[in-house]
There are 2 protein chains.
Amino acid sequence: MTVNIKDVARVAGVSVSTVSRALGEGPVSAEVREQVQAAVRATGYKPNLSARRLRSQRTQTIGLIVADIRNPFFTAVGRAVEDAAYRAGMRVILCNTDEDPAREALYLTLMQEERVTGLIFAPTRATLDRLQADALDFPMVLIDRAGPGGQFDTVLLDNREASATLVDHLVSRGYTRIGGLFGATSTTGVERRDGYLAAMAARGLAGEARFVPPSAEAAENAAAAWLRQPDRPQALLVSNGLFLTGVVKAARTLGLRIPQDIAVAGFDNEPWTELVEPGLTVIEQPVETIGREAMTLLFQRLRTPDAPTRKVVLSGRCVARGSTAALPRT
Amino acid sequence: MTVNIKDVARVAGVSVSTVSRALGEGPVSAEVREQVQAAVRATGYKPNLSARRLRSQRTQTIGLIVADIRNPFFTAVGRAVEDAAYRAGMRVILCNTDEDPAREALYLTLMQEERVTGLIFAPTRATLDRLQADALDFPMVLIDRAGPGGQFDTVLLDNREASATLVDHLVSRGYTRIGGLFGATSTTGVERRDGYLAAMAARGLAGEARFVPPSAEAAENAAAAWLRQPDRPQALLVSNGLFLTGVVKAARTLGLRIPQDIAVAGFDNEPWTELVEPGLTVIEQPVETIGREAMTLLFQRLRTPDAPTRKVVLSGRCVARGSTAALPRT
DNA sequence: GCGCTTAGTGGTAACGTTTCCACAAAAATT
DNA sequence: AATTTTTGTGGAAACGTTACCACTAAGCGC
């Protein structure tokens, strides 16, 4: 029923191989190429990508597995990845794991069945440990989260540096009792915690880090509990944009003013962080660059499979706003 | 190199057809089924989806074409669609058009080439007009935007009602000079404009609607220009969540207080709309429902291709906040 | 004018599945 | 006991492409 390459060949008066060549690469006379194009238009032929993929063994598909596309960081990175992919004539299959290792495993086998050309993956720590075991038969680039050794191509933020920048910023504004709220399931959370603790220690300050499950609600609850304590910190360092909404909400609910009662510094420069008074101090991640760079690494890996593994570490930009205004001198 | 169904058959000591049946439906003795499963485990066999799709003529793939996944409305709807799809054993191909009809056309042919099982699409007005012409050979469900007649299955918000609700709300709070800012490229913008104008007229008030290109920046510029006018409106009705950031930013830049100098009411109940003082009054769209319902319509259409077209119109919920606080009586 | 490359074309065998058909054996029905 | 139905299995033909090979005709260097 649906028209195939054979029909086009018949209409154009040439062989199927010639049609195939005319549509793709290969030596075809200008005359025949036009006949074929005319036949394609006349018949309304649309190549069947499943057949093409099966025969050519090239799926032109890249997988993208992230925690949750609703996390603004992944939204932006995902969009950048998709743009780069479509520009290169590739499709993207997007999967949301909600940081659930079982779903990560599920989607990994899906990627195998799809025979993806490559994979861009933001794994949980649990999966990261298990990743070396089951050898994938396509290249993989990790984003946002890094394995221990340089096993895989990776592109991520310099998380320790970024945390340290925030700590330094807070300390320079007079804050000393600074708490930190981090995502429990990612290496990112751990790295940001480490950077935070190291920077605090370097200043001779004691830090307190708390880990929470990766949702705004969990962050809100954790922040509310923390801020209700009589010896609550003066400032909170918040590990991502999702958490930020929860923390600000908790502060509002408790009637705490920012920054007078509680200062806030976090990650991810979402548009709204500028709009919520008095503006939130954040580390801006180069999200487009991360997505684009991940695709670049992937393409390079495909071209030179045996090249040494590369880790692209990008610096965040600190955007200082009112949420970390200087403490009044005592 | 990569193991195929033939290898599994050899290892299991049965024919390929038996393996195929054992893996899918079909009568297979329990004994043989186990042998096959053992062989699958032993060989590490992963079915090749391209081959399966080609042979079975079922791609189990649904297309999702939206303006921009970074628009929080589409982010949420997209996530709901993906969840429903994966639950049903289907994959999703996501495309961002940036409201560009050329890219819409491009992606539509891509969907044809992919032989998608069905399509969920938020088209621009331009494409909507052209849509009936080129018959697609798969069912399509429109989201967020509706065609003129009931040509296609559709799920969207009751936009006129929602706009009217906001107008009523504003009027009841004492506002009379209310402007409206709408997206230029979608029927959604038009419908919300119509609802706004109708509600204004019903109250004996003159409305002024302005259309802007679909980006936060464009909204910011338009709002800034409008609010700089000496006879600026008392309140602004803002057509979507992307625009809201722009409008609030413009107000801040101009030093206008919300709601004293300019009241704001909009669409999309994003977490941050609660946090930006004094809280933004918005229409909350049932985003998960929209995504899920779109998939439901699609599946029903697949089951009964000739059933009459259906249009699911959902009501928004008005969340009143400080940005539309009552005007002091004069 | 002779070999030699090259451009252009057609025939056909894959790619890895599913599905149809045939058939035997077992089970159910008469 | 004879027939019919069901269950389980294998063989082989698709699905719609691309890629390999063979071949002709034309161009080129000498």
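These numbers come from the heavy atoms of this one structure, side chains and all, not from hydrogens, waters or symmetry mates. Proteins get letters first, then strands, A, B, ... in listed order; numbering begins at 1 in each.
Remark: P of D/dC15 and CG of A/Asp7 are 11 Å apart, rounded to the nearest angstrom.
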>> Protein within reach of the bases, or only the backbone? For nucleotides 20-28 of chain D, mark each nucleotide 5' to 3' as B, S or -, using heavy atoms under 4.0 Å.
In response: ---------
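Salt bridge status for A/Arg292 with A/Glu82: absent, with no side-chain N to carboxylate O gap under 4.0 Å. Ionic pairing of B/Arg79 and A/Asp68 is present here: one or more N-O contacts between side-chain nitrogen and carboxylate oxygen are shorter than 4.0 angstrom. Residues A/Asp129 and A/Arg125 are not paired through a salt bridge, judged by the lack of any N-O separation under 4.0 Å between the basic side chain and the carboxylate.
Across the interface with DNA chain D, nearest-nucleotide mapping of B/Arg33 and B/Val16 shows B/Arg33 to be the residue nearer the 5′ end.
In this structure, the nucleotide among D/dT9, D/dT17, D/dG10 sitting nearest to the side chain of A/Ile5 is D/dT17.
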> salt bridge (charged side-chain N to carboxylate O under 4.0 Å, His left out) between A/Glu114 and B/Arg53: does it pass, once the steps are laid out?
Replying inline: CA-CA 11 Å; A/Glu114 289 279 0; B/Arg53 289 180 180 132; 2.8 Å; yes
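At a non-hydrogen distance threshold of 4.0 Å, A/Leu54, A/Arg55, A/Gln57 from residues 34-60 of chain A come into contact with DNA chain C.
Judged by distance alone, with hydrogens and angles left aside, the side-chain atoms of B/Arg301 form a donor-acceptor pair with the main-chain N or O of B/Ala307 at under 3.5 Å. Under a 3.5 Å cut-off, the side chain of B/Arg115 and the backbone N or O of B/Gln112 do form a donor-acceptor pair.
For B/Val16, the side chain to side chain contact (heavy atoms under 4.5 Å, CB included) test picks out B/Ile5, B/Lys6, B/Ala9, with sequence neighbours left out.
Side-chain N/O atoms of B/Thr18 include none lying less than 4.0 angstrom from OP1 or OP2 on D/dT9.
Pairs of residues two or more places apart, or lying in two chains, that qualify as salt bridge (charged side-chain N to carboxylate O under 4.0 Å, His left out) and include a residue from residues 103-113 of chain A are A/Asp98-A/Arg103. Among pairs with a residue in residues 91-122 of chain B, those fulfilling ring pair (Phe, Tyr, Trp, His ring centres under 6.0 Å) read A/Tyr86-B/Tyr107, at least two apart in sequence or across chains.
By the 4.5 Å heavy-atom criterion applied to side chains, A/Pro139 and A/Leu302 are counted as neighbours.
The outermost nucleotides of DNA chain C lying under 4.0 Å from heavy atoms of chain A, listed 5' to 3', are C/dG8 to C/dG16.
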